[in-house]
Amino acid sequence: MAMNTDNPHQPARTGASASGGFLDAIERIGNRLPDPTTLFLVGALFIVFLSDVAARGEWTVVQRLPEQAILQDGSAGVAWRETGETFTSTSLLTRDGLFWVVGNMVENFMRFPPLGVVLVGMLGIGVAERTGMIATVLKAFMLAVPGRLLTPAMVFIGIMSSLTLDAGYVILPPLAAALYKAVGRSPLAGLAAVFAGVSAGFNANLFVTGLDPLLAGLSTAGAQTIDAAYQVAATCNWYFMIASTVVMTLVGWLVTAWFVERRLAGKSPEEGGPAPATSAAPEEHAMTAVEKRGMVRASLAFCVVLTAIVFMILWPGAPLYGTGRLFDRWVEAIVPLLLFCFILPGIVYGISVGAIKNDKDAARLLIETIATMAPIIVLAFFAAQFIAYFQYSGLGRMLAMAGGQALGQAQMPAWMLIIAFILVTLAFNLLIGSMSAKYALFAPIFIPMFMMVGISPELTQAAYRIGDSVSNTITPLNPYLVIILVFMRQFVPRGGMGTLISTMLPYTVVFAVIWTLVLVIWMAMGIPLGPAGGLVYVP
């Protein structure tokens with residue numbers, strides 16, 4: 001029986017397709033690997049030895065940046081100038097290196113980006129979940145959103161979560177998985193759909209986010225090596241990002257329906273297949289009188305919290321008004337704000353329905369929540385060491401610089417350069433997880449070079465955003481990937497890294513192809529990428 005696109009109750013149970021067989025093979029191989037904790041430990045040791053090999057072999061990458069030059073035929077061209085700066089590997093097997101490994105072990109763990117975000121964010125979610133408020137909210141969501149539109153809603157919400165920077169990684173996946181399970185669909189499919197939006201669609205949005213000024217600043221610095229007066233506006237990619245949000249929502253919907261859910265349809269719930277619905281008839285999802293009373297009071301509490309937050313954002317001189325270190329203050333404080341938005345309504349709901357009778361009950365719920373985070377804490381310790389060793393050794397930076405120079409010296413037409421740049425960014429996103437760190441390396445190389453062949457900095461920035469986003473779902477250097485793995489195991493106990501990678505790989509491949517094609521067509525049509533976002537630069 002063929003699958004009806006996004007039908008929540010009648011998934012196809014056909015034989016494995018060629019792509020399904022390939023993904024199943026990836027899953028089997030991946031799940032035969034050791035536990036992810038062991039993999040990160042082995043990876044960290046590998047980086048230690050590789051850094052020593054590179055250091056002893058005296059591998060050096062000389063920084064070369066493009067600049068204007070007059071060629072022998074009298075035409076303007078690009079020359080590569082050595083800046084005098086060199087990149088070398090720092091060995092972790094030396095006396096100082098091993099001391100750094102031991103001396104920074106605790107600091108590496110404490111500075112692991114997702115750790116504090118997850119623990120703080122999940123405190124609020126845990127209270128809201130254990131009092132029953134989350135289940136009631138999911139009931140209301142199921143009644144409000146038609147089953148056929150559940151997947152595009154998840155992908156769209158995931159994409160839009162980039163307004164809150166990384167908070168979407170923590171808040172949305174467990175909720176999406178629980179929602180799919182409640183309606184008898186694969187919780188892994190729900191987690192995958194929202195994770196694809198959060199991660200692979202990270203650089204798209206309907207609004208200008210805190211990421212845009214950051215990227216524009218790095219683009220401006222790169223452009224001014226050619227044109228000292230050039231400025232890149234924070235809004236330069238806005239039109240393209242709006243279109244990308246719509247297109248990627250549809251693409252994520254189709255990938256989930258045609259690849260992910262179709263492949264999971266024949267699996268058992270323990271392997272990621274559809275879960276038994278919590279109730280057979282839609283009317284059984286209706287809220288009880290007690291739940292309605294709790295939701296009314298919780299909604300009032302949420303409105304009070306939200307009003308207070310909005311006041312502190314908009315009122316001059318208030319704690320959240322204005323700009324912080326990099327972004328608006330409210331953006332930088334988004335995780336604690338989300339904690340308040342969940343924990344206070346959750347406590348009010350719990351008191352209303354009788355789940356919380358005193359302060360001891362509330363403390364118990366907090367303790368139970370942290371107890372469920374133990375797998376994340378253990379995995380985060382080893383993942384943090386692996387990522388820190390890779391950064392300290394300098395290997396990622398050297399590979400990115402060498403690859404960028406090799407592409408820069410290739411002779412290609414503009415559209416081919418853009419495609420190649422997207423692929424290079426995609427590949428090096430597997431080595432350098434930080435969006436800003438990677439662009440800080442790439443912008444001084446690619447933006448001046450592309451400007452000399454008529455490609456605007458704004459177009460280069462848009463291409464970078466595509467390559468940086470699409471492989472976020474599969475790169476081990478995305479620190480939130482290990483968090484998603486732990487969330488996945490709450491619903492798919494038998495799942496491992498192979499399960500997660502095989503589920504998310506179709507999103508990476510299809511998003512990369514379609515999003516790149518959209519940009520190439522955009523170039524061909526000559527449409528501005530946004531306000532002050534031209535496609536062409538005249539040297």
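The first residue in the sequence is number 1, and the count goes up from there. Below, all heavy atoms of this structure are taken into account, side chains as well, without hydrogens, waters or symmetry copies.
With sequence neighbours excluded, the residues that form a side-chain contact (heavy atoms from CB on, under 4.5 Å) with V518 are F240, V247, I514. With sequence neighbours excluded, the residues satisfying ring-ring contact (aromatic ring centres under 6.0 Å, His included) with F386 are F40. With sequence neighbours excluded, the residues forming a side-chain contact (heavy atoms from CB on, under 4.5 Å) with D361 are I356, K357, N358, R364, listed by chain and number. Every residue two or more places apart in sequence or in another chain that forms a side-chain contact (heavy atoms from CB on, under 4.5 Å) with P531 is listed here: T235, W238, Y239. Residues satisfying the ring-ring contact (aromatic ring centres under 6.0 Å, His included) criterion with F311, sequence neighbours excluded, are W315. Evaluation of the side-chain contact (heavy atoms from CB on, under 4.5 Å) rule for P506 yields L23, V255, F259 as partners, not counting sequence neighbours. Not counting sequence neighbours, F491 has no partner by the ring-ring contact (aromatic ring centres under 6.0 Å, His included) test.
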Output a table of donor-acceptor pairs, distance under 3.5 Å, between side-chain atoms of residues 115-131 and any protein atom two or more places apart or on a different chain; print 'none' if there are none.
unit_1 : atom_1 : unit_2 : atom_2 : d
T131   : OG1    : V127   : O      : 3.0
T131   : OG1    : A128   : O      : 3.2
T131   : OG1    : G346   : O      : 3.4

Output a table of donor-acceptor pairs, distance under 3.5 Å, between side-chain atoms of residues 214-221 and any protein atom two or more places apart or on a different chain; print 'none' if there are none.
unit_1 : atom_1 : unit_2 : atom_2 : d
S219   : OG     : L215   : O      : 3.1
S219   : OG     : Y439   : OH     : 2.5
S219   : OG     : Q461   : OE1    : 2.7
T220   : OG1    : A216   : O      : 2.8
T220   : OG1    : V232   : N      : 3.0

Under 3.5 Å, side-chain donor or acceptor atoms of residues 471-479 against the rest of the protein: list the pairs with distances, not counting sequence neighbours.
unit_1 : atom_1 : unit_2 : atom_2 : d
S471   : OG     : L426   : O      : 3.2
S471   : OG     : N429   : ND2    : 3.0
N472   : OD1    : N429   : ND2    : 2.9
N472   : ND2    : S199   : O      : 3.3
N472   : ND2    : D468   : O      : 3.2
N472   : ND2    : S469   : O      : 3.4
T473   : OG1    : T508   : OG1    : 2.6
T475   : OG1    : N429   : O      : 3.1
T475   : OG1    : L477   : N      : 3.1
N478   : OD1    : Y480   : N      : 3.1
N478   : ND2    : N472   : O      : 2.9

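In terms of heavy-atom proximity, V492 sits nearest to E270 at CG1-O, 3.2 Å. Annotation for S456 and G534: closest pair OG-O, 2.6 Å, computed over non-hydrogen atoms. Taking all atoms of both residues into account, the shortest heavy-atom contact from Y389 to M105 is OH-CE, 4.4 Å. Scanning both residues, W515 and A200, for their nearest heavy atoms gives CZ3-O, 3.4 Å. Between L320 and A333 the shortest heavy-atom distance is CD2-CB, 4.1 Å. Closest heavy-atom contact between F302 and C341: CD1-O, 3.8 Å.
Within the 4.5 Å cutoff, no side-chain heavy atoms of M241 are placed close to those of F207. Under the 4.5 Å side-chain criterion, counting only non-hydrogen atoms from C-beta, F195 is in contact with Y169. Annotation: side chain of V155 is in contact with side chain of I159 (closest heavy-atom distance under 4.5 Å). Considering only heavy atoms from C-beta on, T503 comes within 4.5 Å of R263 through its side chain. The shortest distance between side-chain heavy atoms of I334 and W330 falls below 4.5 Å. Looking at heavy atoms from C-beta onward, M373 lies out of side-chain contact with V486 at the 4.5 angstrom threshold. Side-chain atoms of L517 and I521, non-hydrogen and from C-beta on, do get closer than 4.5 Å to each other. Looking at V353 and T136, their side chains never come closer than 4.5 Å, going by heavy atoms from C-beta outward.
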- Query: Step by step, would you call L337 with V305 a side chain to side chain contact (heavy atoms under 4.5 Å, CB included)?
  - Reply: CA-CA 9 Å; L337 296 180; V305 173; over 6 Å; no

Determine, step by step, whether Y464 and K438 satisfy the side chain to side chain contact (heavy atoms under 4.5 Å, CB included) criterion, reporting the C-alpha distance in whole Å, the side-chain angles of both residues, the deciding distance to 0.1 Å, and the verdict. CA-CA 10 Å; Y464 174 80; K438 193 161 57 268; 3.4 Å; yes

Is there a side-chain hydrogen bond (donor to acceptor under 3.5 Å, both in side chains) between Y180 and S186? Walk through the geometry before answering. CA-CA 6 Å; Y180 272 59; S186 166; over 6 Å; no

Step-by-step side chain to side chain contact (heavy atoms under 4.5 Å, CB included) determination, V509 to V470: CA-CA 8 Å; V509 174; V470 294; over 6 Å; no

Item to complete: Could you walk me through whether R329 and M312 pass the side chain to side chain contact (heavy atoms under 4.5 Å, CB included) test, one step at a time?
Response: CA-CA 10 Å; R329 283 189 170 193; M312 288 190 289; over 6 Å; no

Applying side-chain hydrogen bond (donor to acceptor under 3.5 Å, both in side chains) to T499 and R494, what does each step give before you reach the verdict? CA-CA 9 Å; T499 302; R494 298 181 183 178; over 6 Å; no

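Rounding to the nearest 0.5 angstrom, the gap separating the CD atom in E261 from the OG1 atom in T151 is 5.0 Å. Rounded to the nearest 0.5 angstrom, R297 CZ and I347 CD1 are separated by 15.5 Å. Atoms CE and OG1, from M160 and T249 in turn, are 9.0 Å apart once rounded to the nearest 0.5 Å. Once rounded to the nearest 0.5 Å, the distance linking CG of L175 with CE of M154 reads 8.5 Å. Between the CE atom in M248 and the CG atom in N203 there is a gap of 12.5 Å [rounded to 0.5 Å]. Here CG of L188 is found 14.0 Å from CZ of F487. Values are rounded to the nearest 0.5 Å.
Within 6.0 Å of atom CZ in R293, more than 12 heavy atoms from other residues, nucleotides or ligands are found, so the atom counts as buried in its surroundings. At most 12 non-hydrogen atoms from other residues, nucleotides or ligands lie less than 6.0 angstrom from OH of Y321. The environment of CE in M110 is sparse: at most 12 heavy-atom neighbours from other residues, nucleotides or ligands sit within 6.0 Å.
Sorted by first and then second residue, the salt bridge (Lys or Arg N to Asp or Glu O under 4.0 Å) pairs with a member in residues 469-492 read D35-R489; sequence neighbours excluded. Pairs passing the salt bridge (Lys or Arg N to Asp or Glu O under 4.0 Å) check and including a residue from residues 233-256, sequence neighbours excluded, do not occur.
Between the side chains of T425 and R465, no donor-acceptor pair is found at a separation under 3.5 Å.
Between the T245 side chain and the N205 main chain, a donor and an acceptor come within less than 3.5 Å of each other.
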